[in-house]
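Just so you know, ligand 1 is whichever comes first in the structure, and atom 1 is the first atom listed for that ligand. No experiment lies behind these values; they were computed from the predicted model shown. We count residues from 1, following the sequence as given.
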Amino acid sequence: MTITIRQIHPTFVGDVSGVDLTRPLSHDEVAAIEAGMDQHAVLVFHDQQFTDDQQVAFSRNFGEIELAVAGNLTKENEKRLSLNFADVSNLDRDNKLLARNDRNRMFNLGNRLWHSDSSFRAVPAKYSLLSGRIVPAEGGNTEFADMRAAYDALDARTKAAIEDLVCEHSLIYSRGSMGFTELSEEERRMFRPVRQRLVRTHPVTGRKSLFLSSHIGRIIGWEIPEARDFLRDLTEHATQREFVHAHRWRQYDLVIWDNRQTMHRVRRFDDTRDVRDMRRTTIAGDGPTIAQVA
Ligand code: OGA
Ligand code: MN
């Protein structure tokens, strides 16, 4: 079998065939996938019936796994999955649907906002690998937006104006924008804002992209309302339909996205009725986008 990648959107997203990711891969296969990620920013694989251990082993081909700590409200001893996984399902530790008023459910609804994974961490994520173990019959698409194409389409004046801007990211901002504001002192400490460049350059391709995320709450040196107004405008530009691809899930799809060049969001579905068991491994980035303040 040889790996074949077919681009399914005018600017990004490759549909991959000819590889079984549940078994150990050759060096060449890993290199082909990594090159595909650099070029297409999102890759879709079908019929990958992973166990958790197989997903972890496959993920490790691309770098170190970012542990799921300090990224949500679930305490370590209450997690359904190991710390190698971000649990983006609608299930509790006993595989029961989260109740409508469950605090974790409301926090997780934040994934319906456009974001880049772990942009709220000092070292933001490289890749996310999302495995659809149980997918709902209706709704729950994941949408991706190409932040390179969005950057390229800006006019020269805007590009110059944003080149050196630095933003503050925190889960407090993204959840706050949904009205989820009740956080303990400990949670507020855990979600302390970090700084990220607004324009970043891909380490391999050298392409620039917009590092936008709903986790952004401030632009350093700007008044908050003018920053929020500007970011809303930029996000509206970057998520126009021409830059967006919607992935409709089939069971055992694996989708990998490069958080350094895309944003994503999950769309509505009946999450108090239908099970959506999605398991994400995340590859840590290789450094901060800017020096952090103490
Ligand atoms: C994620 C996320 C998307 C989805 O896994 O990072 O935002 O479709 N979820 O559940
Ligand atoms: Mn996400």
Side-chain angles (χ1 to χ4, degrees), residues 13 37 41-45 48 50 52 55-56 59 62 65-74 79-91 97-98 104-121 124-145 147 169-171 173-175 177-178 180 191 196 211-216 235 239 244-272 274-285:
V13 191
M37 285 300 296
V42 179
L43 291 180
V44 176
F45 303 78
Q48 307 294 333
F50 282 119
D52 284 358
Q55 183 175 341
V56 166
S59 302
F62 306 104
I65 292 185
E66 177 193 283
L67 295 184
V69 289
N72 62 28
L73 304 177
T74 327
K79 287 190 191 287
R80 186 174 71 104
L81 307 173
S82 90
L83 283 184
N84 286 321
F85 285 88
D87 190 353
V88 289
S89 75
N90 54 346
L91 302 171
L97 289 170
L98 295 174
N104 287 301
R105 170 177 181 258
M106 286 184 280
F107 191 86
N108 295 345
L109 286 175
N111 281 334
R112 297 189 187 182
L113 305 173
W114 285 109
H115 65 282
S116 175
D117 287 334
S118 297
S119 76
F120 54 84
R121 296 184 196 273
K126 179 188 176 189
Y127 297 164
S128 293
L129 301 90
L130 189 61
S131 166
R133 306 293 178 86
I134 301 175
V135 303
E138 230 186 296
N141 288 354
T142 307
E143 294 185 345
F144 298 93
M147 293 299 104
H169 297 234
S170 169
L171 284 160
Y173 296 135
S174 51
R175 273 49 188 178
S177 78
M178 300 189 85
F180 189 106
F191 300 152
Q196 309 287 3
F211 195 24
L212 286 169
S213 190
S214 59
H215 303 310
I216 300 178
T235 303
T239 56
V244 171
H245 169 77
H247 178 69
R248 175 160 190 188
W249 289 91
R250 295 193 334 223
Q251 190 179 31
Y252 304 128
D253 281 350
L254 179 85
V255 180
I256 314 181
W257 60 89
D258 187 342
N259 288 293
R260 302 167 303 183
Q261 11 188 22
T262 58
M263 280 204 291
H264 62 279
R265 66 172 177 180
V266 59
R267 302 312 308 271
R268 297 172 64 83
F269 69 106
D270 196 342
D271 69 304
T272 57
D274 297 339
V275 172
R276 187 171 185 271
D277 185 350
M278 311 294 287
R279 305 187 186 194
R280 189 185 94 210
T281 37
T282 312
I283 307 302

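With distances taken over non-hydrogen atoms, the option nearest atom 10 (O) of ligand 1 out of Arg276, His247, Met278 is Arg276.
Not a single N or O atom of Asn141, backbone or side chain, sits closer than 3.5 Å to an N or O atom of ligand 1.
For the atom pair Ile65 CD1 and Thr282 OG1, the distance stands at 8.5 Å (nearest 0.5 Å).
Using cut-offs of 30° and 60° for the angle between ring planes, the His264 and Phe144 rings count as tilted. The aromatic rings of His247 and His245 sit tilted relative to each other, their planes meeting at an angle between 30° and 60°.
A donor-acceptor pair shorter than 3.5 Å can be found between the side chains of Ser118 and Glu66. Side chains of Ser128 and Asn259: a donor on one and an acceptor on the other come within 3.5 Å.
Residue His264 approaches ligand 1 through these ligand atoms, each under 4.0 Å from one of its heavy atoms: 1 (C), 2 (C), 6 (O), 7 (O). Contact atoms of ligand 1 toward Asp117: 6 (O) (distance under 4.0 Å to a heavy atom of the residue). Taking every heavy atom of His115 and a limit of under 4.0 angstrom, the matching atoms of ligand 1 come to 7 (O).
Under a cut-off of 6.0 angstrom, the local environment of CZ in Arg248 is sparse, with at most 12 non-hydrogen atoms contributed by other residues, nucleotides or ligands.
Between Arg279 and Asp52 there is a salt bridge, since at least one side-chain N of the basic residue sits less than 4.0 Å from a carboxylate O of the acidic one.
For Arg265, no heavy-atom contact with ligand 1 is shorter than 4.0 Å. Only the side chain of Trp257 comes within 4.0 Å of ligand 1, judged by heavy-atom distances.
For His115, the N, O or S atom with the smallest separation from the Mn ion (ligand 2) is NE2. Among heteroatoms of the N, O or S kind in Asp117, OD1 lies nearest the Mn ion (ligand 2).
What sits closest to atom 8 (O) of ligand 1 on the protein, heavy atoms only, is Thr142 OG1, 2.5 Å. Of the protein's non-hydrogen atoms, the one nearest atom 1 (C) of ligand 1 is Arg280 NH1, 3.4 Å.
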Original post:
Checking side chain to side chain donor-acceptor pair (under 3.5 Å) for the pair His115/Ser213: CA distance, chi angles, key distance, verdict?
Top reply: CA-CA 4 Å; His115 65 282; Ser213 190; over 6 Å; no
